[in-house]
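Working notes, structure below.
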Amino acid sequence: MIDDYARWADTDTEKSSVVELIGYEPYPGAIHGEPVGALQFRATMQPTPNEGPHVACFESQFDFWGVATEEPGEWSDDTAVAHDIACPPDAKRIPPPVDTRLVDVVPDGAEALVVEVLTNAPSAASADDIVAEIVKRMPQPTGEREVAFDPEATVVDGDIGFAMGDGDDCLLVKRDVVGVQVLQVPKILLQPGELGCAAGTALQPGDQLRSPH
């Protein structure tokens, strides 16, 4: 997670000539609630045109919620947020760690493809048959590091349920005696611990797919 904070800090300061990211340090083995690492910064200020620049360095620790302080949420106190450190003699702006993680997405065109496949699927088609056909024809994502979510399907008494995605981006489609329907389900029901973005969710009765609020 400290890598994410380093990337965000770099983005926020990339056009700044005052504050620069000069280092980051992960804390391996940190548990939830503890700081996950620290970022080091250099600040360069010139109070007046006749004075030389004043350079100072500081470090901030970060946890799951943001800057870590002894008293949670004590972000209005500068000394709690930023701790003075000696400026390393070779201090300079550094690039943040490169993000190599894959980004799962529902690709553009996936919905139309799934509707077509479910519409044309023979009555004897298995869940594996449906998934294989969709995977074979799945549009390729175009964004950097993007890959398509793994799709899943289920067949129950001739009805087909399909899902791909997660609680934030979920494509749910079903085919029953009425036909093929793309379902719009409240996000709260798609989160872990709820119904989830799952093929079985698509086959739930309609009253189970309404917002609980």
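What you see is a predicted model; the values in this text were computed from it and never measured. When a residue number appears, it is its place in the shown sequence, counting from 1.
Taking SG of C197 as the reference point, atom CG of D169 lies at 8.0 Å (rounded to 0.5 Å). Atom OG1 in T201 sits 7.5 Å away from atom CG in L209 (nearest 0.5 Å). A distance of 11.5 Å separates NE2 of H83 from CD of Q40, quoted to the nearest 0.5 Å. Rounding to the nearest 0.5 angstrom, the gap separating the SG atom in C57 from the CD1 atom in I85 is 5.5 Å. Atom CD1 of I134 and atom CG of D150 lie 12.5 Å apart (nearest 0.5 Å). How far CD of Q191 is from CG of D166: 8.0 Å, rounded to the nearest 0.5 Å.
Between R7 and D12 there is no salt bridge, since no side-chain N of the basic residue sits under 4.0 Å from a carboxylate O of the acidic one. E14 has no carboxylate O lying under 4.0 Å from a charged side-chain N of R93, or vice versa, which leaves the two without a salt bridge.
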Stepwise side chain to side chain contact (heavy atoms under 4.5 Å, CB included) test for F162 and T154: CA-CA 7 Å; F162 174 89; T154 186; over 6 Å; no
Residue pair R101, D4: steps toward the side chain to side chain contact (heavy atoms under 4.5 Å, CB included) verdict: CA-CA 11 Å; R101 295 171 297 184; D4 286 327; 2.6 Å; yes
Salt bridge (charged side-chain N to carboxylate O under 4.0 Å, His left out) between E116 and R137, intermediate numbers included: CA-CA 11 Å; E116 177 189 341; R137 299 172 52 193; 2.9 Å; yes
Worked verdict on L39 versus L21 for side chain to side chain contact (heavy atoms under 4.5 Å, CB included): CA-CA 7 Å; L39 303 182; L21 176 69; 4.1 Å; yes
Stepwise side chain to side chain contact (heavy atoms under 4.5 Å, CB included) check, I130 with I160: CA-CA 9 Å; I130 293 165; I160 303 171; 3.6 Å; yes
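Taking 4.5 Å as the limit, some side-chain heavy atom of V135 sits within range of a side-chain heavy atom of P151. Two residues are said to be in side-chain contact when any heavy atoms from C-beta on lie closer than 4.5 Å; D99 and D3 fail this criterion. Within the 4.5 Å cutoff, the side chain of Y27 has no heavy atoms near those of the V36 side chain.
In terms of heavy atoms, F58 sits closest to A82 at CD1-CB, 3.5 Å. For the pair P139 and G109, the tightest heavy-atom approach, listed with the atom from each and the gap, is CG-C, 3.8 Å.
Checking D176 against Q181 by side-chain atom types alone, a donor-acceptor pair falls below 3.5 Å.
More than 12 heavy-atom neighbours from other residues, nucleotides or ligands sit within 6.0 angstrom of CG on D159.
In this structure, F64 has its ring center under 6.0 Å from that of H32.
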